[in-house]
Amino acid sequence: MTLRLVDTRTGAAEPFVPLREGEVGIYSCGPTVYGPAHVGNFRSFLFADLLVRHLRFRGFTVRWVMNITDVDDKIIARAAAEGVPIGELTERYAAAFLEDARRLRMTMPDVLPRATHHIPEMVELIELLIGRGHAYRADDGSIYFRIASWPRYGTLVHIDPSQLRVGERVSADEYAKDDARDFALWKVARPGEPSWGTSLGPGRPGWHIECSAMSMRYLGPTFDLHTGGVDLVFPHHEDEIAQSEAATGKPFVRTWLHCAHLRMGGVKMAKSVGNIDCPADVYERGFSPRALRYALLAVHYRSPLEFSDESLHAATAAVERLAIVLKTLGAYRHEGPDDPTLTALLDEARADFTASLDHDLNVAAALGAVFELVRELNRRLEARCLSAADAARAATFLRGLDAVLAVAEEDAERLPPELEGLLERRVAARAARDWTESDRLRQELANAGVTVEDARDGQRWRFVEGGPRD
RNA sequence: GGCGACGUACCCAAGUGGUCUAAGGGGGAGGUCUGCAAAACCUCUAUUCACCGGUUCGAAUCCGGUCGUCGCCUCCA
């Protein structure tokens, strides 16, 4: 059983074999921090998160690098509009990004390099490119990569460079390039813009060079996986390949993975389109981070995903179903023999789950395996044919699968003491068959964001999805 | 103009030529259980996979065409 991933370059699902046995290096294009990241951005980050989690679940040692772009045209424009230094702006939104990522339970990357901290690495690369004849300094002092010097240009997008509709959509020449298709490696300093004094002269890096410099700095000249949204395939990733391979003479990335767009209202979500929704907006409408994570993850990464409140409602229900079975398993009290078929049931679920994710991260099929197991566990819970030990084992098992999905409730969730007290009083009221008091306490807890349900093994509580705690 | 992806039930969605009279989630309808509520469980909700041809003993799955939707070629996750 091997993991297969679809490489953008070939379009085929190829067996994943890491460069070094058992170890995987992944680079993911991260956020440009000039404003809050929207849920479309998070789709691509969470897809990478799922990949990392699955690789670790499969036993690989993973080194995950995600850049934070903290200098570029938009950042400069935004900082100027606010009248603050770019560092102040980028610090603010980098922190916001990390907080959003945390609430969405995104795995923390092992390295989160920032462009402005890696200027020397970029300069070094650019000098290498100039030395090898792949880059040139134009009349305005900026440095460009010469696409004509790189015959393999276009292999990632499957575009013949001569077919590019140059000129039609390129705005009036801001810079003095030799060829409209050439891209900037180093932008010469301009009044009012941040710049770095380097051996290349004062200026700032182009966008593409930062990813080449930082990925190779932390993962080496050749590494396993590089992820991003489809909109980065061209020109960003194509340019990364050209400049990296031209500089090092070695293959850059072994497998390219790109996730499809998140759509809203039938078209891709993008700041430029204006149809964006940020995590904070979603929470404000009463949805939980768990539900948001589920909604962004539940559809295969290479399929466009239509994002809506309807999809969030469906996600909320699915996530609750998981939370409830875990609570029920935890509360289960029954003296009886172990279920002799439980082992086979769990083994089968694990095999289905793993095989599905191994097939190019087929998360929909993996979720199918999880929910089939959930229904079967509920049946056995209902029929009381599990022992208490079985129930504990099943719960641990489900949490094990959830190490990949990260959509279930935390194990050790505790109620604040005052709410705990209400629960205890309700138990007493119910023992006395005082239904009025029981119902009143249930309502009081509901007002505090806690749902209480009466099950065979006693009352069962959980936090309301999207409630005050989330 | 060039390149590419996709079209499965009310919605989302899996389906890697035969076990598909097509997983799973949501929604809806009935039922069981229950002080009530909720949850859970059971039954039902596609003999059909945009449409038309073709290949094959056999196709949702392969090929061709038609229609439709979306994306990239420009900053973009």
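Order of the sequence lines fixes the chain letters, A, B, ..., with proteins taken first and strands second; residue numbering starts at 1 for each chain.
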Integer-rounded Å distance: B:C3 P and A:Asp231 CG: 22 Å
P spacing across the pair B:A23 / B:G15, given as an integer number of angstrom: 14 Å
Sugar-phosphate, base or nothing in reach of A:Val230, heavy atoms under 4.0 Å: nothing
Aromatic plane relationship, A:Phe223 with A:Phe252 - under 30° parallel, 30 to 60° tilted, over 60° perpendicular: perpendicular
A:Arg58/A:Asp358 salt bridge by N-O under 4.0 Å criterion: yes
Residue pairs passing the salt bridge (charged side-chain N to carboxylate O under 4.0 Å, His left out) test where at least one lies in residues 31-46 of chain A, sequence neighbours excluded: none
Pairwise P distance, B:G54 and B:U61 [rounded to whole Å]: 14 Å
Pairs involving residues 289-309 of chain A, ordered by first then second residue, that meet ring pair (Phe, Tyr, Trp, His ring centres under 6.0 Å) (sequence neighbours left out): A:Phe47-A:Tyr301
Output one line per pair: protein atom, nucleotide atom from nucleotides 4-6 of chain B, and distance, for all N/O pairs under 3.5 Å.
none

Gap between atom NZ of A:Lys268 and atom CG of A:Asp231 - 0.5 Å precision: 5.0 Å
Residues A:Asp454, A:Arg426: salt bridge by 4.0 Å N-O rule: yes
Rounded P spacing from B:C62 to B:U32 in Å: 47 Å
Review item, nucleotides 23-27 of chain B N/O atoms under 3.5 Å of protein N/O:
residue, atom, partner, partner atom, Å
B:A23, O2', A:Glu372, OE2, 2.8
B:A23, N1, A:Ala364, O, 3.4
B:G24, OP1, A:Arg375, NH1, 3.3
B:G24, OP1, A:Arg375, NH2, 3.4

Position toward the 5' end of RNA chain B (nearest nucleotide), A:Ser311 or A:Asp72: A:Ser311
Candidate list A:Asp224, A:Thr2, A:Asp7, test side-chain contact (heavy atoms from CB on, under 4.5 Å), partner A:Phe16, passing option: A:Asp224
Rounded distance (Å) that lies between atom C1' of B:C42 and atom CG of A:Leu381: 16 Å
B:A40 OP1/OP2 closer than 4.0 Å to side-chain N/O of A:Arg380: no
B/S/- contact track for nucleotides 31-37 of chain B, protein heavy atom under 4.0 Å: ----BBB
Gap in Å between the two P atoms, one belonging to B:A37 and one to B:A46, rounded: 30 Å
Sugar-phosphate only, base, or nothing, as touched by A:Gly266 at under 4.0 Å among non-hydrogen atoms: sugar-phosphate
Whole-Å distance separating the CZ atom of A:Arg379 from the P atom of B:C41: 8 Å
Atom-pair distance (NE2 on A:His226; P on B:A77), nearest Å: 13 Å
Which nucleotide in B:A77, B:A13, B:G15 has an atom nearest any side-chain atom of A:His359: B:G15
Residues in side-chain hydrogen bond (donor to acceptor under 3.5 Å, both in side chains) contact with A:Ser215, at least two apart in sequence or another chain: none
Touch class at under 4.0 angstrom, heavy-atom based, for A:Gly40 against every strand present: base
Rounded P spacing from B:C49 to B:C3 in Å: 31 Å
N/O (side chain, A:Asn378) to phosphate O (OP1/OP2, B:A40) under 4.0 Å: no
With a cut-off of 3.5 Å and sequence neighbours excluded, list every side-chain donor-acceptor pair involving residues 367-377 of chain A.
residue, atom, partner, partner atom, Å
A:Glu376, OE1, A:Arg379, NH1, 2.5
A:Glu376, OE2, A:Arg380, NE, 3.0
A:Glu376, OE2, A:Arg380, NH2, 3.3

Whole-Å P distance, B:C63 and B:G25: 32 Å
Sugar-phosphate only, base, or nothing, as touched by A:Ala260 at under 4.0 Å among non-hydrogen atoms: base
Distance, P atom - from B:U47 to B:A22, rounded to whole angstrom: 9 Å
Separation of B:G71 C1' from A:His237 NE2 (nearest whole Å): 15 Å
Residues that A:Asp281 engages under salt bridge (Lys or Arg N to Asp or Glu O under 4.0 Å), provided they are two or more places apart: none
Minimum-distance pair of heavy atoms, taken over all atoms of A:Cys278 and A:Ala37: SG-O, 3.7 Å
Atom-to-atom span, NE2 of A:His300 to P of B:U8 - whole angstrom: 17 Å
C1' atoms of B:U8 and B:A14, separation to the nearest Å: 10 Å
Atom-pair distance (CZ on A:Phe234; P on B:C3), nearest Å: 15 Å
Lys/Arg N to Asp/Glu carboxylate O, A:Arg442 vs A:Asp439, below 4.0 Å: yes
A:Ser311 and A:Glu306 side chains, donor-acceptor separation under 3.5 Å: no
Sugar-phosphate, base or nothing in reach of A:Val370, heavy atoms under 4.0 Å: nothing
Base-pairing string, 5' to 3', of RNA chain B - Watson-Crick or wobble, under 3.5 Å, | interstrand: ((((((((.[[[..)..(.....]]]((((((.......))))))....[[[[[..)....]]]]])))))))....
Set of side-chain hydrogen bond (donor to acceptor under 3.5 Å, both in side chains) partners for A:Glu348, sequence neighbours left out: none
Partner residues of A:Arg285 under the salt bridge (Lys or Arg N to Asp or Glu O under 4.0 Å) criterion, sequence neighbours left out: A:Asp277, A:Asp309
N or O in side chain of A:Lys268 less than 4.0 angstrom from B:A77 OP1/OP2: no
Contacts of A:Asp70 that satisfy side-chain hydrogen bond (donor to acceptor under 3.5 Å, both in side chains) - sequence neighbours left out: A:Thr116
Atom-to-atom span, CG of A:Leu326 to P of B:A40 - whole angstrom: 13 Å
Sugar-phosphate, base or nothing in reach of A:Leu262, heavy atoms under 4.0 Å: base
